[in-house]
Q: 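A single structure is presented below for examination.
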Amino acid sequence: MAQISLTFPDGNAREFDAGVTPAEVASAIATSLGKKAISATVNGTHWDLQWPITEDASIAINTMKDEEPALELIRHDLAHVMARAVQEIWPDVKVTIGPVIQNGWYYDFDREEPFTPEDLGEIEKKMKDIINRRDPVTTETWDRPRAIAHYEANNEPYKVELIDAIPGDEPLRMYWHGHWQDLCRGPHLQHTGQLPGDAFKLMSVAGAYWRGDSDRAMLQRIYGVAFRNRDGLKAHLHMLEQAALRDHRKLGREMNLFHMQEEAPGQIFWHPDGWRIYTTLQDYMRRKQYAGGYVEVNTPQVVDRKLWVESGHWDKYQEHMFIVEVDEEHAREKSINALKPMNCPCHVQVYNQGLKSYRDLPLRMAEFGSCNRYEPSGALHGIMRVRGFTQDDAHIFCTAEQIEDETAKFIELLASIYSDFGFDKFDIKLSTRPEKRVGTEESWDQVEAALENAIKKTGQAYEIDPGEGAFYGPKLDFKLTDAIGRVWQCGTFQVDPNLPERLGATYVGEDGAKHRPYMLHRATLGSFERFIGILIENSAGKLPFWLAPRQVVVASIVSDGDDLVHEVVGALKDVGVWAEADTRNEKINYKVREHSLAKVPVILAIGGREVENRTVTVRRLGQKQTTTVSLDEIVADLAIEARPPDQKQS
RNA sequence: GCUGCUGUAGCUCAGGGGUAGAGCACUCCCUUGGUAAGGGAGAGGUCCGGAGUUCGAAUCUCCGCAGCAGCACCA
């Protein structure tokens, strides 16, 4: 038999018969390694212990100590074990697919009866049972007709469909966990006993469309999470609890920021404390945009259908628009309008008033544009995904030559804004020309190059997403990462020659002829509503002082302090700090607890000693120790602290 | 929009075919207390909406509405 040479991670090589399996290699090294082995990495590919190796290769034997392959195998094998458990309990359930996902796996089933939470417990028990059986995992390669015949005989139509979708030249691999069989690419563990029976949990069951297609059957998906050991699972569950504590819907209620109700689904009733965040944010954005060379406009909410037909929205976007029909008394027919879902067509109307010269470009037109979109009910989520919202929108009208410069300017503005909120790092995605597109290859070349050069000029990291651009132009997406590692797409930048064309925007060039401007759609925060939701979750409600809806509570310890409390509140208000008096008949312990839970960043306490010395005792949120300072000093300090980041120096 | 679950006091939740429950919050009284809950009393509900079953429905059934999770959607 031919010999092959396998090279180990330490650089040593050893000869084996061609066709040797990693299981045999591991056992040849040490019997104990043969037992501990879970998989191999062969030439960088994750390799089942049973797959033969036929050529010279590099090889590493993986054990549970190797985190990445271990988690992959645990989650993947658990998906199979779960499917097996389900079919052992309910033999008529049809299996489909069950991939590994972040932190765990899911498996989709076709079953008439819905799975209940109690069922999950039962499945989990059965899974532990299967793990305890230490069933061997074995594999075989089948030819197509045999596999299809097998699944047809077993009434598993989804598997047949999956086989049809696998490219013809790929071998079909079958895996057995004990007697239970599944079509699977692998790799897998040696036996079910290698699975950590105490480090997984079935989390939830939910509907999911077969092959992600909403026109096809709705299956039942069971989600599970798994780790290498019990501590990993515990840490994950703890993390989920922490994330739930940050939920902006919960904090919004607790902090009395806003509410929503049945009569206006997907729309927000802002309470005073929430609206203060909103207006502070909007004031800040207005200053940043003004400094960035933007002009601000405001355009109508209710606009006649005619404009939406011209812009193309009536055709493509109608199902997402709120349509308003008005029966005017003397009109021959009803007037049909729509609430604007976007601002761009209105901005072109402003642009089109009067003749524009090339000297007017670039024209950066901003609007805090109040938009309404009829989002599908299932998409609504707190204040993050709503039907009524306000974008920090702007459209830059410019020439082709100006695109690169305008892109770079925008990225710089965006970076400066994000860093003011503590998001120092963000990712840029450049989406390029899709299959179906309009415009010449040259213009795509030019515009894509302009965007890429602009990003390079700013030195920001980026990646390219080929084919994901709009049909008329490429775009940039900006994603920031929050305090607990979640990624949010907020900023966007899109090159559009199409809408100026449709709505007839022109400018007079140096040559005296009319030309078509480009339109750059751009937003930094996305929508104020969603961005506030992100800020709340990012900070767990403890917003930075300048954005905190309640900045200072001045609390009396004894009623003899009440007069000074009111004096301090007045002094703070005079310098622009939001201060409230708490002279209620309660003990200081009670007041401190209540305002701390309400996430008020600064509590100033005033008792007999403070009255005597005209001082206040300062307690900061999250700190136990207090300091006593003079009234003048604290007012001056907090006045500076309350300034928005763009007004810090000066 | 689809699948499943949920809807009881301002909030968090228990209950469950026969007059509606708790804790916190709220109001009043006592208490002037030094940094995360001082004591007492009181008020508060169309049990999401509608229809049905029943002598009787908050409870069971059906139809809506809204919320939650996931999927699909986010031109």
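Numbers restart at 1 for each chain; the letters A, B, ... are given by sequence-line order, proteins then strands. Note that this is a predicted model, so its numbers are computed, not measured. Side chains included, hydrogens not; waters and symmetry mates left out as well; all remaining heavy atoms used.
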Q: Just checking, R111(A) and W90(A): is the charged tip under 6.0 Å from the six-membered ring centre and within 45° of the axis?
A: yes
Q: Whether the side chain of Q489(A) engages the backbone of G491(A) through a donor-acceptor N/O pair (distance < 3.5 Å, no angle test) should be reported.
A: yes
Q: So, is S204(A) near the phosphate of A69(B), with a side-chain N or O under 4.0 Å from OP1 or OP2?
A: no
Q: Round to a whole Å and report the spacing from CD1 of I557(A) to P of G33(B).
A: 11 Å
Q: What contact category does T617(A) fall into here, base, sugar-phosphate, or nothing, at under 4.0 angstrom with non-hydrogen atoms?
A: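 T617(A): base contact, heavy atoms under 4.0 Å.
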Q: What contact category does Y590(A) fall into here, base, sugar-phosphate, or nothing, at under 4.0 angstrom with non-hydrogen atoms?
A: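 Sugar-phosphate contact only - Y590(A) comes under 4.0 Å of backbone atoms but never of a base.
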Q: For the pair made of CD1 in I588(A) and P in G38(B), what is the distance, rounded to whole Å?
A: 11 Å
Q: Once you round it to whole Å, what is the distance between P of A66(B) and CD of E375(A)?
A: 15 Å
Q: Looking at C71(B), I'd like to know if its phosphate oxygens (OP1 or OP2) sit under 4.0 Å from a side-chain N or O belonging to R211(A).
A: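 No, outside the criterion.
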Q: Determine, for R584(A) against D582(A), whether the closest basic-nitrogen to carboxylate-oxygen distance falls under 4.0 angstrom.
A: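 D582(A) and R584(A): salt-bridged.
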Q: Answer yes when R221(A) and D108(A) have at least one side-chain N-carboxylate O distance shorter than 4.0 Å, and no when they do not.
A: yes
Q: Measure from CG on L380(A) to C1' on C65(B) and round the result to the nearest Å.
A: 13 Å
Q: For the base of G67(B), is there a side-chain donor-acceptor partner from Q261(A) under 3.5 Å away?
A: no
Q: Using a 4.0 Å heavy-atom cut-off across all strands, classify G312(A) as base, sugar-phosphate, or nothing.
A: nothing
Q: Quick check: any donor-acceptor pair below 3.5 Å linking the side-chain of R385(A) to the base of C73(B)?
A: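 Answer is yes: a donor-acceptor pair is held.
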Q: Considering only U32(B), G1(B), U35(B), which nucleotide approaches the side chain of V592(A) most closely?
A: U35(B)
Q: Whole-Å distance between U3(B) P and D213(A) CG?
A: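 One finds 15 Å between P of U3(B) and CG of D213(A), rounded.
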Q: How would you label the contact of R249(A) with the nucleic acid (heavy atoms, under 4.0 Å): base, sugar-phosphate, or nothing?
A: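 Sugar-phosphate only.
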Q: Could you check which of C2(B), G34(B), G1(B) has an atom nearest any side-chain atom of M218(A)?
A: C2(B)
Q: Output the rounded distance in Å from CD (E594(A)) to C1' (G10(B)).
A: 14 Å
Q: Atom CZ of F109(A) to atom P of G4(B): distance rounded to whole Å?
A: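 Interatomic distance, CZ of F109(A) to P of G4(B): 17 Å.
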Q: By nearest nucleotide on RNA chain B, pick out whichever of S596(A) and H521(A) is the more 5' one.
A: S596(A)
Q: With heavy atoms under 4.0 Å as the rule, sort P114(A) into base, sugar-phosphate or nothing.
A: sugar-phosphate
Q: Determine: side-chain N/O of K624(A) to OP1/OP2 of A36(B), distance under 4.0 Å, yes or no.
A: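 For A36(B), OP1/OP2 do have a side-chain N/O of K624(A) under 4.0 Å.
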Q: In whole angstrom, what separates D108(A)'s CG from G4(B)'s C1'?
A: 14 Å
Q: Measuring from the side chain of A206(A) (C-beta onward, heavy atoms only), which nucleotide among G70(B), G1(B), G67(B) has the closest atom?
A: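 Selected nucleotide: G70(B).
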Q: Report yes if the side chains of L631(A) and V568(A) come closer than 4.5 Å at any heavy-atom pair, otherwise no.
A: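 Yes. Closest side-chain heavy atoms under 4.5 Å.
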Q: Take the angle between the ring planes of H313(A) and Y317(A) and call it parallel below 30°, perpendicular above 60°, tilted in between.
A: perpendicular
Q: Any base atoms under 4.0 Å from Y223(A), or only sugar-phosphate, or nothing? Heavy atoms, all strands.
A: sugar-phosphate
Q: Using a heavy-atom cut-off of under 4.0 Å over every strand shown, decide if I603(A) touches base, sugar-phosphate, or nothing.
A: nothing
Q: Can you confirm if the aromatic rings of F269(A) and H259(A) lie within a centre distance of less than 6.0 Å?
A: yes
Q: Among G7(B), A37(B), G1(B), which is the nearest nucleotide to the side chain of N589(A)?
A: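 Side chain of N589(A) sits closest to A37(B).
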Q: Choose from A66(B), U3(B), G38(B) the nucleotide whose nearest atom is closest to any side-chain atom of P265(A).
A: A66(B)
Q: What is the base-pairing partner of A41(B), counting Watson-Crick and G-U wobble geometry with both distances under 3.5 Å?
A: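 A41(B) is paired with U27(B).
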Q: Could you give the distance separating G44(B) and G10(B) at their P atoms, to the nearest angstrom?
A: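 Taking atom P in both G10(B) and G44(B), they lie 12 Å apart.
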Q: Going by modelled atom types, is there a donor-acceptor pair between the base of G1(B) and the side chain of Y209(A) at under 3.5 Å?
A: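 Looking at the base of G1(B), it does pair with a donor or acceptor on the side chain of Y209(A) (distance under 3.5 Å).
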Q: Hey, does E610(A) reach any base, or is it just sugar-phosphate, or nothing, if we go heavy atoms under 4.0 Å?
A: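 Answer is base: heavy atoms of E610(A) come under 4.0 Å of a base.
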Q: Among the candidates C71(B), A37(B), A72(B), find the nucleotide nearest to the side-chain atoms of A208(A).
A: C71(B)
Q: Need one value for R253(A): base, sugar-phosphate or nothing, where a base atom within 4.0 Å counts as base even if backbone is also close, heavy atoms only.
A: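 It contacts sugar-phosphate atoms only.
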Q: Considering only A72(B), U32(B), G70(B), which nucleotide approaches the side chain of S559(A) most closely?
A: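 Nearest nucleotide to the side chain: U32(B).
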Q: Does A69(B) have OP1 or OP2 sitting under 4.0 Å from an N or O in the side chain of H381(A)?
A: yes
Q: Return the nearest nucleotide to the side chain of R619(A); candidates are C74(B), A36(B), G4(B).
A: A36(B)
Q: Would R75(A) count as a cation-pi partner of F227(A), with NZ or CZ less than 6.0 Å from the six-membered ring centre and within 45° of the ring normal?
A: yes
Q: Only pairs with both distances under 3.5 Å count, Watson-Crick or wobble alike; so what is the partner of U19(B) in this structure?
A: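 Pair assignment: U19(B) / none.
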